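Below you'll find the structure, written out as structure tokens, and then a few comments.
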Amino acid sequence: MLLFDDYRKIILDEIKKIYSIQDNDMDINGNFGDFTLKIFKFKENREEVYSKIKSIMGKDFIDKIELQGNYINFYIRAEKMLDTIDNSLETFGMYPNVFQDTSKALIEHTSSNPTGPIHVGRIRNSIIGDSIYRIINRYGTRSCTQYFVNDSGKQVISLYLGHIKYHRDEEMTVENLLDGYQKIYTNIEKDPDIKKEVQALDERYENGDSQLIKEIQKTASIVLQSITDSLEKLGIHISTYVWESNFIMYGNVNELINSLSDNLKSEGKAKYIEIGDKKIFLTRQDGTSLYFARDLVYHMFKSENFDWIIDVLGEDHKDHVKNLDYVLHKFLDFPSRIDYLFYGFVSLDTGKMSTRKGNIITVNDLYEKTVEESVSIIKEKRPDYGKDEIDRISRAIAASSIRFNIVKINANKPLTFRWEEALNFEGDSAPYIMYAYARACSLISRSGKSGKSSVEYNEYEKNLIKAIYFYPYYIQNSVDFLRADIMAGYMLYLVKSFNDFYLNCPIVGTEEEQKRIKIVEVFKKIMEDSAELVGIQLLEKI
RNA sequence: GGGCUCGUGGCCUAGUAUGGAUAAGGCACCGUCCUUCUAAGUCGGUGAUCGUGGGUCCAAAUCCCACCGAGCCCGCCA
């Protein structure tokens with residue numbers, strides 16, 4: 001929960017004393033004031049409403065109140081907003097301050113099948129999930145992230161079989177594992193024996209053949225390592241890993257199926273649950289379990305330790321989740337709050353990606369190319385930078401750019417990956433944000449003389465202060481709607497306000513220096529705070 | 001066929017939840033500004049039947065209905 005002097009709420013509460021209004025009748029940041037009250041719905045004469053509200057609104061933070069058309073606009077004193085921010089930073093080291101919630105949240109994200117390197121489609125999951133985790137954590141809810149490692153089922157068994165059949169004598173690497181996996185899927189059509197081999201392994205696996213389970217875990221862990229290495233490059237660190245095989249080995253899957261037995265029906269030996277006119281199978285004819293059953297177990301497991309569960313999933317999981325959620329609540333008394341966050345697929349301009357078919361752009365490829373591009377631009381623009389410096393900056397730019405280009409887009413929109421956009425460092429991009437921060441740092445290092453607040457602020461100064469002051473409202477919205485793109489949009493808004501200020505308000509060596517440097521310092525702090533939430537790595541020099 | 005999601009200048013995106021002020025940014029293109037703090041920046045210009053057609057409303061990009069187009073799902077895969 002966020003703590004700050006919420007002028008919007010204070011104004012709303014005052015008005016509520018005389019009129020029945022809803023919180024959403026008042027917007028922030030209209031073009032015509034800092035807070036705007038819509039008065040279309042008021043039956044009374046507008047002038048009357050205006051003068052009544054004006055007469056009860058004896059607040060020292062209000063500069064002026066104006067009636068403009070069907071709106072009443074509230075203008076807040078810049079120095080009050082700046083004081084609010086500054087006091088919070090001085091006292092708590094952050095703006096806004098938070099109330100640490102005792103509940104705990106778990107964000108499950110990525111959970112890619114460890115059957116190949118992570119590609120630019122899957123990374124959307126990780127980037128959104130990690131940002132949501134950072135945002136919720138910032139909000140004051142203790143959170144951690146989790147990766148559900150799918151090391152059971154036919155896909156990972158195929159990965160293992162691919163190695164046995166095609167690369168038996170080689171040491172396992174991501175490359176030869178992926179090659180074997182792809183060969184299994186290209187050959188399975190013409191060679192029905194492969195299907196039987198997979199099935200045989202699956203049965204051995206589900207019957208708890210511990211030697212086989214270990215081998216397959218080892219196979220999966222090699223691919224998983226490459227995935228987490230890729231994630232780390234983007235600054236994504238996952239707190240905990242849960243291995244699906246454990247639920248099979250320790251019998252949890254069977255327990256769950258037994259506990260549901262009153263609600264299960266059978267078709268031969270296969271068990272299913274009926275939802276509407278659909279049959280959702282939990283076990284196969286041969287007795288082995290299906291993903292649906294294992295996912296139920298996993299969710300029950302998550303709820304043991306967490307009050308709030310968030311699943312980040314591709315939109316292809318929507319139907320699965322609908323059924324899952326139904327069973328969790330209808331038959332299993334699922335105790336925690338649960339939210340599902342879906343994202344649209346990422347395609348290439350040449351079509352869709354498929355790990356099995358091999359037409360993917362891996363995160364490693366993307367990262368390497370983005371670093372390369374960045375290095376060449378730095379060499380051109382900053383010929384005096386040394387090798388280490390170029391190295392450090394280009395890596396920060398690459399990680400930040402990749403993340404920002406994905407996080408800035410609303411999760412439920414489809415996304416087409418294009419190289420020219422990925423490698424463009426102008427406009428609404430991470431380097432644009434990083435650049436503004438570097439400018440701020442440069443100003444502070446040149447001056448360092450911040451002073452007491454003034455009462456006079458010009459429009460550029462005020463707009464920047466206002467953008468900073470509004471930060472908590474954007475965090476709140478991001479949390480309420482579980483949308484990381486709102487934070488990305490906020491950063492662009494904040495930086496635009498700064499650039500406007502920077503261009504129009506000279507600082508070093510002027511009479512306004514102390515006052516303006518103060519604003520820059522505060523801006524710098526909020527930049528650091530908000531950049532953290534979307535994974536942009538700020539540098540003092542770029 | 002049924003279900004879900006998306007459709008906003010040439011391209012990408014915000015705005016849709018909660019209907020309300022001139023539909024806001026970016027890319028590309030044309031032009032402007034480095035003897036003042038980082039030009040990865042700034043300012044100006046060109047460019048939008050908000051997929052189409054109806055409806056509700058004082059008011060629709062936003063709500064409702066139909067249709068069109070794209071994606072995803074409709075497995076004893078995950």
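Proteins get letters first, then strands, A, B, ... in listed order; numbering begins at 1 in each. Because the structure is a prediction, the values reported are computed rather than measured.
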Looking at [X], I'd like to know whether one of its side-chain N or O atoms comes within less than 4.0 Å of OP1 or OP2 on [N].
X: A:Y490; N: B:A14; answer: no
X: A:S442; N: B:C37; answer: no
X: A:K352; N: B:C72; answer: yes
X: A:R284; N: B:C77; answer: yes
X: A:R382; N: B:U38; answer: no
X: A:K154; N: B:C77; answer: yes
X: A:R294; N: B:C77; answer: no
X: A:Y291; N: B:A78; answer: no
X: A:K496; N: B:G41; answer: no
X: A:N412; N: B:C6; answer: yes
X: A:K381; N: B:A40; answer: yes

Discussion item. Taking A:D391 first and then A:R395, would you say they form a salt bridge - that is, a charged N and a carboxylate O separated by under 4.0 Å?
Written reply: yes
Could you tell me the separation between the [atom1] atom of [X] and the [atom2] atom of [N], rounded to a whole number of Å?
X: A:H320; N: B:C77; atom1: NE2; atom2: P; result: 14 Å
X: A:N424; N: B:U13; atom1: CG; atom2: P; result: 15 Å
X: A:L341; N: B:U5; atom1: CG; atom2: P; result: 15 Å
X: A:I409; N: B:G7; atom1: CD1; atom2: P; result: 12 Å
X: A:D151; N: B:A78; atom1: CG; atom2: P; result: 13 Å
X: A:K278; N: B:G2; atom1: NZ; atom2: P; result: 15 Å
X: A:D500; N: B:U42; atom1: CG; atom2: P; result: 9 Å
X: A:M434; N: B:G41; atom1: CE; atom2: C1'; result: 15 Å

Worksheet item: 5'-most contact on RNA chain B: A:I486 or A:L492, nearest heavy atom basis?
Response: A:I486
Practice prompt. Tell me which of A:E540 and A:D286 sits closer to the 5' end of RNA chain B, going by the nucleotide each one is nearest to.
Written response: A:E540
Discussion item. Does B:C34 count as syn, meaning its glycosidic angle lies within 90° of 0, or as anti?
Written reply: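 Syn conformation here, the glycosidic angle of B:C34 being no more than 90° from 0.
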Describe, in one word, how the ring planes of [X] and [Y] are oriented to each other, choosing from parallel (under 30°), tilted (30 to 60°) and perpendicular (over 60°).
X: A:F301; Y: A:F247; answer: perpendicular
X: A:F470; Y: A:F35; answer: perpendicular
X: A:Y490; Y: A:Y474; answer: tilted

What nucleotide among [options] has an atom nearest to a side-chain atom of [X]?
X: A:P414; options: B:C77, B:C6, B:C12; answer: B:C6
X: A:N499; options: B:G41, B:C72, B:C77; answer: B:G41
X: A:A270; options: B:A40, B:C72, B:C76; answer: B:C76
X: A:F32; options: B:U18, B:U16, B:A21; answer: B:A21
X: A:Q155; options: B:G41, B:U5, B:A78; answer: B:A78

If you measure from the [atom1] atom in [N] to the same atom in [M], how many Å do you get, rounded?
N: B:C6; M: B:U62; atom1: P; value: 13 Å
N: B:C33; M: B:A70; atom1: P; value: 48 Å
N: B:C11; M: B:U5; atom1: P; value: 25 Å
N: B:G15; M: B:A21; atom1: P; value: 16 Å
N: B:G69; M: B:G53; atom1: C1'; value: 15 Å
N: B:C72; M: B:C30; atom1: P; value: 38 Å
N: B:A39; M: B:C34; atom1: C1'; value: 7 Å
N: B:U52; M: B:A60; atom1: C1'; value: 16 Å

Per the atom types in the model, does the base of [N] pair as donor or acceptor with the side chain of [X] at under 3.5 Å?
X: A:R439; N: B:A39; answer: no
X: A:Q285; N: B:C76; answer: yes
X: A:N73; N: B:A21; answer: yes
X: A:T36; N: B:A21; answer: yes

Is [X] touching bases, backbone alone, or none of the nucleic acid, heavy atoms closer than 4.0 Å?
X: A:I378; answer: base
X: A:E267; answer: base
X: A:D485; answer: nothing
X: A:I507; answer: base
X: A:C505; answer: base
X: A:Y502; answer: base
X: A:N70; answer: nothing
X: A:Y432; answer: sugar-phosphate

Discussion item. Pair A:W243, A:L224 - check side-chain contact (heavy atoms from CB on, under 4.5 Å), show working.
Written reply: CA-CA 11 Å; A:W243 293 72; A:L224 181 65; 3.8 Å; yes
Practice prompt. Can you sort out the partners of A:R8 under salt bridge (charged side-chain N to carboxylate O under 4.0 Å, His left out), two or more places apart, ordered by chain and number?
Written response: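 For A:R8, no residue satisfies salt bridge (charged side-chain N to carboxylate O under 4.0 Å, His left out) once neighbours in sequence are set aside.
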Worksheet item: Does A:K322 have any salt bridge (charged side-chain N to carboxylate O under 4.0 Å, His left out) partners at least two apart in sequence or in another chain, and if so, which?
Response: none
Item to complete: Would you sketch RNA chain B in dot-bracket for me? Only Watson-Crick or G-U wobble pairs with both distances under 3.5 Å count, crossing pairs as [ ], other-strand pairs as |, the rest as dots.
Response: (((((((..((((......[...)))).(((.(.......).))).....(((((..]....))))))))))))....
Item to complete: Could you tell me whether A:K525 atom NZ has more than 12 heavy atoms of other residues or ligands within 6.0 Å of it?
Response: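 Incorrect, the count does not exceed 12.
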Worksheet entry | Over all atoms of both residues, closest heavy-atom pair of A:G121 and A:Y343 |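 In terms of heavy atoms, the two residues are closest at O-CE1, 4.2 Å.
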Item to complete: Search all heavy atoms of A:L539 against all heavy atoms of A:A396 and return the closest pair with its distance.
Response: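 Smallest heavy-atom distance, with atoms named: CD1-CB, 3.7 Å.
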Worksheet item: Centroid-to-centroid, A:Y340 to A:H317, below 6.0 Å?
Response: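 Not close enough - the centres of the two rings lie 6.0 Å or further apart.
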Worksheet item: Are a donor atom and an acceptor atom from the side chains of A:Q155 and A:T115 found within less than 3.5 Å of each other?
Response: no
Worksheet item: May A:F40 be described as stacking on the base of B:A59, applying a 5.5 Å centroid limit and a 30° limit on plane angle?
Response: no
